[in-house]
Amino acid sequence: MLSIHFIRENKEQVRENLSRRQHAPYLQLFDQLIQDDLEYRKLLQDAEGLRAKRNQLTQQVAKVKDNPIEKQQLVQESKGVGAQIVQTEKRQNELKEKIRSTLMRLPNILEEDVPFGKDDAENVEVKKWGEIKKLDFKPLHHGQIARNIDGVEFERTVKISGTGFFALKGSLALLDMALTRYALDMLMQDGFVPMQPPYMMNRKAYEGVTDLAEFDNQLYKIENENLYLIATSEHPLTAQFMDETLPGSKLPIQLAGISPCFRKEVGKHGLDERGFFRVHQFNKVEQVVICQPNESKTWHERMLQNTEKMMQGLEIPYRVVNVCTGDIGIVAAKKYDIEGYSPREKKYFELMSLSNCTAYQATRLNIKFTNADGSKEYVHTLNATGISNARMLRAILENNQTKEGGILIPKILHPYMYGMTEIPKT
RNA sequence: GGAGAGAUGGCAGAGUGGUCAAAUGCGCCGGUCUCGAAAACCGGAUCCGCAAGGAUGCGUGGGUUCGACUCCCACUCUCUCCGCCA
């Protein structure tokens, strides 16, 4: 969320920035917020004045303890003030809660070059890489290829877990691990520290890192526990610093998260029942950076470079898009998506996503750092896909399929594949 | 799951209704001093307010009271032991 102090000091700029989303309810929320905040501060002053008065009276009571008449008078007066305080506080607390909930719903400030658009169709392509191979056969669906090479179990996982799950086996299970190792090796070269976080997180921590809407349509809740299965390792990796003030010298923090991701995907059309695209569980390596505010833009670009390097290493044709206002969500200030090419559909599909969340998560999570002069400031947080294994497997299967129905393993993964260079149809 | 202990500033740790924003020790940061450092001394939370100033802050939420770190209730978390599972 945005800090109320920031909003007070930059009212016009914030409003102007919000208006770029061309979503009227945000502006209404914002204008109401400004009013509420004014009233809140007025009440705060009233309440504090009353408390000051009561504090005076109670101190006098202590002094005249031995004089029953005087004491009784003061006690009576103080009781009256106490009642006034209770009333003022009631309204004050209502407003406080209202302000907080509005702040939770208002989106982040967008960077200048975020394009306006209704939905993902209006994301702006900023780069395209790779040569699209001409196949002299009809490309297959990745799920079919996976079956052809005996690398997946679909029907049996439906029996035990329902649709939207899959089980990798044999060479594809190894390929999945190879992707993880490849991504980690590359990120470690850039200073990222690998980390396996808990796969469950409590409500408070979760509210700090995600849009509230996600609780209903994305996160699995553990029954009778205050715990949710993580939708990405970004969440625990970032939220772990909740309520901390980090020494400026400890920044930036670079972490490479390794974990499975659990997602309900409620209401999303096209749950891929016989493939790896929109599924309830998949493995992923994630880049997370916690840095000082003036460095976040640079880190955003640097993470993009890492991600592109991975794509290029795997030799998958891709494009980078600058995600538009209608598709960016409330947390990110700027977001790139990397889309891989699908020879079967002859179009690009979402593979990775890189967000600069600026101070938005840090404000919710209360993560600060100390400047050289001792002052405190919110950190900036960024997250980016390292490799989203299931989706990347789809890209590899589709782009590297052979006429014979098998696949060629990308060269860069050979060292991780026990001597295999291809996986033939069985 | 059962039993017990605990939660106070960056850390350790006193404080058991008003004299407590909180002793003491250690650490870190800033300042004074110094050519520089050490030592010594001063300062160090949050919020509202232009300021003067005021309010808040002893795990969280409620209660009792004129007044709560202190008394009562509930909750959360941590630690130790036992049990169970791996």
Side-chain angles (χ1 to χ4, degrees), chain A residues 1-11 33-104 196-208 221-228 236 239-251 253 290 292 359 362-379:
Chain A
M1 66 185 180
L2 303 176
S3 112
I4 189 72
H5 304 106
F6 179 82
I7 291 177
R8 277 177 206 154
E9 283 161 29
N10 305 280
K11 225 182 304 180
L33 176 73
I34 298 296
Q35 272 189 36
D36 290 344
D37 182 53
L38 270 176
E39 188 186 347
Y40 171 75
R41 277 184 289 166
K42 166 84 173 56
L43 285 170
L44 185 65
Q45 286 183 25
D46 292 351
E48 286 183 357
L50 289 167
R51 277 197 216 105
K53 195 168 166 192
R54 182 179 65 186
N55 288 346
Q56 270 182 8
L57 290 169
T58 57
Q59 272 174 28
Q60 286 174 36
V61 171
K63 280 181 200 146
V64 301
K65 277 203 287 261
D66 302 327
N67 182 336
I69 299 166
E70 239 182 296
K71 183 182 167 185
Q72 188 54 30
Q73 258 179 359
L74 287 168
V75 167
Q76 278 308 317
E77 192 179 346
S78 182
K79 268 189 180 172
V81 175
Q84 278 180 279
I85 292 175
V86 169
Q87 274 209 332
T88 312
E89 275 181 345
K90 188 166 170 262
R91 174 68 184 148
Q92 189 196 334
N93 286 334
E94 281 168 14
L95 275 174
K96 191 178 177 182
E97 180 47 37
K98 191 177 170 202
I99 289 167
R100 199 191 73 94
S101 106
T102 303
L103 285 173
M104 290 291 272
Q196 297 180 324
Y199 301 160
M200 297 177 205
M201 226 163 82
N202 65 37
R203 175 96 195 187
K204 182 170 180 244
Y206 234 122
E207 283 182 353
K221 169 96 163 61
I222 306 294
E223 197 176 11
N224 298 326
E225 302 281 344
N226 177 21
L227 288 171
Y228 296 82
Q240 66 176 321
F241 298 106
M242 181 166 69
D243 293 324
E244 287 191 39
T245 300
L246 305 158
S249 59
K250 286 273 161 60
L251 299 179
I253 295 171
I290 315 266
Q292 304 202 4
T363 308
R364 280 197 187 190
L365 288 167
N366 189 29
I367 308 174
K368 297 181 177 171
F369 73 99
T370 40
N371 276 308
D373 64 359
S375 66
K376 289 177 187 171
E377 209 178 324
Y378 288 115
V379 297

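To find a chain, count down the sequence lines: A is the first, B the second, and so on, and within it residues start at 1. Side-chain atoms are counted along with the backbone in the values below, which use heavy atoms only and exclude waters and symmetry mates.
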*When all nucleic acid strands are considered with a 4.0 Å heavy-atom cut-off, which category describes A:S78: base, sugar-phosphate, or nothing?*
sugar-phosphate

*Between C1' of B:rC29 and NZ of A:K250, the distance in whole Å*: 14 Å

*If you measure from the P atom in B:rC11 to the same atom in B:rC58, how many Å do you get, rounded?*
15 Å

*Ionic contact status for A:E97 with A:R100, cut-off 4.0 Å*: yes

*asked:* Taking the minimum atom-to-atom distance to the side chain of A:K376, which one of B:rA55, B:rC66, B:rU46 wins?
replied: B:rU46

*Using only side-chain N and O atoms of A:N55, determine if any of them is under 4.0 Å from OP1 or OP2 of B:rA55.*
yes

*Determine the interatomic distance between P on B:rG43 and the same-named atom on B:rC35; round to the nearest Å.*
25 Å

*Spacing of the C1' atoms in B:rA51 and B:rU70 (rounded, Å)*: 36 Å

*Counting N and O atoms only, with roles assigned by atom type, does the side chain of A:K204 sit under 3.5 Å from a partner on the main chain of A:G208, one being a donor and the other an acceptor?*
no

*When we call it a touch if two heavy atoms are under 4.0 Å apart, what does A:L44 touch: a base, just sugar-phosphate, or nothing?*
sugar-phosphate

*Has the side chain of A:E48 got a donor or acceptor that lies under 3.5 Å from a partner of the other kind on the base of B:rG54?*
yes

*Round to a whole Å and report the spacing from CZ of A:R8 to C1' of B:rC47.*
9 Å

_Exercise: identify the closest heavy-atom pair between A:L365 and A:A239_ = CD1-CA, 3.9 Å

*Figure out the CG/P separation between A:L57 and B:rG54, and round it to whole Å.*
15 Å

*How long is the line joining CG of A:D243 and C1' of B:rA45, in whole Å?*
14 Å

*What heavy-atom pair brings A:I367 and A:F241 nearest, and what distance separates the two atoms?*
CG1-O, 3.4 Å

_Whole-Å distance separating the OH atom of A:Y378 from the C1' atom of B:rU46_ = 11 Å

*Nearest-Å distance once atom C1' is located in both B:rA21 and B:rC41*: 22 Å

*asked:* Looking at every non-hydrogen atom in both residues, tell me the closest pair between A:L251 and A:Q292 and how far apart they are.
replied: CD1-CG, 3.8 Å

*Rounded to whole angstrom units, what separation is found between the CZ atom of A:R51 and the P atom of B:rC47?*
16 Å

*Atom C1', compared across B:rG25 and B:rG83: separation rounded to whole Å*: 42 Å

*Considering all heavy atoms of both residues, which atom of A:S3 and which atom of A:Y378 are nearest to each other, and what is their separation?*
CB-CE1, 4.1 Å

_A:V61 vs A:A52, nearer the 5' end of RNA chain B by closest nucleotide_ = A:A52

*If pairs are Watson-Crick or G-U with both distances under 3.5 Å, what is the dot-bracket string of RNA chain B, marking crossing pairs with [ ] and pairs to another strand with |?*
(((((((..(((.....[.....))).(((((.......)))))((((....))))..(((((..]....))))))))))))....

*Under 4.0 Å: is that the gap between some side-chain N or O of A:R41 and OP1 or OP2 of B:rG49?*
yes

_Tell me every residue that passes salt bridge (Lys or Arg N to Asp or Glu O under 4.0 Å) with A:D46, counting only those two or more places apart in sequence or in another chain._
A:K42

*Of the non-hydrogen atoms in A:D37 and A:I4, which two are nearest, and what is the gap between them?*
OD1-CG1, 3.8 Å

*Expressed in angstrom and rounded to an integer, what is the separation of A:R203 atom CZ from B:rC77 atom P?*
16 Å

*asked:* Keeping A:R364 on the side-chain end and A:M104 on the backbone end, is there a donor-acceptor pair under 3.5 Å?
replied: yes

*For B:rU19 versus B:rA68, give the span between their C1' atoms, rounded off to a whole number of Å.*
16 Å

*Does the side chain of A:R54 get closer than 4.0 angstrom to OP1 or OP2 of B:rA55 through an N or O atom?*
no

*Rounding to the closest angstrom, what is the interatomic distance between B:rA22 and B:rG17 at atom C1'?*
16 Å

*asked:* What's the gap between B:rG67 and B:rA55 when it is taken at their C1' atoms, as a whole Å value?
replied: 16 Å

*To the nearest angstrom, how far is A:L50 atom CG from B:rC66 atom P?*
18 Å

